[in-house]
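Worksheet: one structure, shown below.
Both backbone and side-chain heavy atoms feed into the values below; hydrogens, waters and symmetry mates do not.
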Amino acid sequence: MNTNEGWGRIYLDAVWTLNLLMDGMILFLTQGLTRAKTSRVRILTGALVASSIVPVTVLMPNSWLVTLTGKLFFSVLIILVAFSFVSIRSAFIQWLTFYFVTFAIGGTLVGVHFFLNNQVQFNHGEIITFSTGFGDPFSWLFVCIGFPASWYFTKWRMEYVQAHRLKTEDLYRVKVEFHQQSMVCTGLVDSGNHLIDPISKKMVFLADLHVWKHFLNEEQLKKLTGDDQLEGIEQLSEPYQSSVRLIPYQGAGMGSQLMVTFVVDSITVYTPQGDLVVKKPLLGVQERDLTEDQMYQILIHPQAAVKGISA
């Protein structure tokens, strides 16, 4: 093996590895935006399939896979490998989102690259930011740093848009799961609720006694919402006692107080766009009814759409 062949193989391995990481990040972001049902293994497998286009492009430049038809077919294959097939509609949305995320991140990179006035070459529709051998060190540094930065920026903007999928004027079916028990109620997104645990940074949902009566008896609830909070906590059985968190908050026209919350197993918000499942959130005990007509019994944290994970 001569020197050029050695560098070529190292170069191909390096580019393949870099593309594997990029494709994995793009697929993870696609899953987060579409709430597609999948697993880490499937996403990593999809990234491996997606990155295999690199050796195909280099070793077989005339392959039909590098044509427009081939790329469209290949992208569909990536989606089918990375995500569970539910319906043609959901798969189509995942496919479009995959391209949208790719173009959003790629466009950011190209824009910054142009701003820095670095050399950019185009070869058969491919953007090349390296020169010879192992590649321009600045270009590699730019891609290794710039891609994660653009990924986080795109993710941040998409999460901001995603949060507005839950409208404050709409009611949603909500399921609370806590210590092998569950109950379904109606929830409203509270845009003014920014209560979080200052230590764990977990978001805090609020539920009135109509919800909590499914998990605790009236005597326990009376003490937890009255002046005997500590005594009420001590009288709880061990599984419930270990789930208690006291969260400082300030009510309207009142001084600082402590709210009794529990780390529940999960809270699921059923939306037309898909189920939002928040694992291990805090659910606060609200003494008074949230509304006089019992239209809703739980206040949904506005960041549920951002933190939610597909079931």
Side-chain angles (χ1 to χ4, degrees), residues 12 15-110 124-127 143 146-165 268-277 279 305-311:
L12 179 58
V15 173
W16 194 348
T17 301
L18 184 60
N19 274 267
L20 176 64
L21 297 175
M22 288 182 173
D23 292 329
M25 295 174 74
I26 290 173
L27 287 173
F28 270 114
L29 185 52
T30 302
Q31 189 276 331
L33 294 176
T34 60
R35 310 293 177 186
K37 294 183 178 181
T38 187
S39 64
R40 291 182 181 272
V41 174
R42 291 198 65 162
I43 289 183
L44 293 177
T45 304
L48 182 61
V49 172
S51 64
S52 64
I53 196 67
V54 173
V56 171
T57 304
V58 174
L59 301 178
M60 296 182 292
N62 296 321
S63 172
W64 72 277
L65 284 175
V66 301
T67 65
L68 177 61
T69 303
K71 289 180 179 179
L72 291 176
F73 171 82
F74 194 68
S75 62
V76 171
L77 177 62
I78 294 170
I79 296 301
L80 293 177
V81 171
F83 308 121
S84 299
F85 181 81
V86 177
S87 65
I88 295 178
R89 179 179 180 276
S90 62
F92 182 68
I93 292 175
Q94 294 157 12
W95 180 73
L96 287 180
T97 305
F98 173 75
Y99 270 107
F100 176 77
V101 172
T102 303
F103 292 151
I105 296 177
T108 303
L109 281 174
V110 172
H124 301 295
E126 302 282 341
I127 299 175
V143 172
F147 181 85
S150 63
W151 184 86
Y152 278 109
F153 174 78
T154 304
K155 180 175 181 290
W156 170 62
R157 293 307 302 168
M158 290 301 100
E159 285 180 345
Y160 178 81
V161 174
Q162 196 81 343
H164 290 276
R165 289 173 58 186
T268 304
V269 182
Y270 299 99
T271 76
Q273 294 81 14
D275 301 344
L276 301 177
V277 183
K279 302 290 187 180
V306 175
K307 302 296 183 182
I309 306 172
S310 258

Q: Indicate yes or no: at least one non-hydrogen side-chain atom of I43 is less than 4.5 angstrom from one of Q31.
A: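 They are in contact (side-chain heavy atoms under 4.5 Å apart), so the answer is yes.
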Q: Find out whether F83 and K37 are in side-chain contact, i.e. whether some heavy atom of one side chain is under 4.5 Å from a heavy atom of the other.
A: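 Not in contact.
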Q. Applying side-chain hydrogen bond (donor to acceptor under 3.5 Å, both in side chains), which residue pairs with at least one partner in residues 44-54 are found, sequence neighbours left out?
A.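 Pairs touching residues 44-54 that pass the test: W16-S51.
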If the condition is side chain to side chain donor-acceptor pair (under 3.5 Å), which residues does [X] pass it with, not counting sequence neighbours?
| X | value |
| --- | --- |
| T97 | none |
| S63 | none |
| Y99 | S75 |
| T69 | none |

Q: Examine distances only and state if a side-chain atom of T268 and a backbone atom of V277 form a donor-acceptor pair shorter than 3.5 Å.
A: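 Not confirmed, T268 side chain does not pair with V277 backbone.
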Q. Taking all non-hydrogen atoms of both residues, which atom of G46 and which atom of A82 are closest, and how far apart?
A.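 Closest approach of G46 to A82, heavy atoms only: CA-CB, 4.2 Å.
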(Q) Which heavy atom of V49 sits nearest to which heavy atom of F74, and what is that distance? (A)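 Closest pair (atom of V49, atom of F74, distance): O-CZ, 2.9 Å.
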Q) Going through the distances and angles, do T67 and K71 end up as a side chain to side chain contact (heavy atoms under 4.5 Å, CB included)? A) CA-CA 6 Å; T67 65; K71 289 180 179 179; over 6 Å; no
Q: With sequence neighbours excluded, tell me which residues meet side chain to side chain contact (heavy atoms under 4.5 Å, CB included) with A50.
A: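 For A50 the side chain to side chain contact (heavy atoms under 4.5 Å, CB included) partners, ignoring immediate neighbours, are D23, I78.
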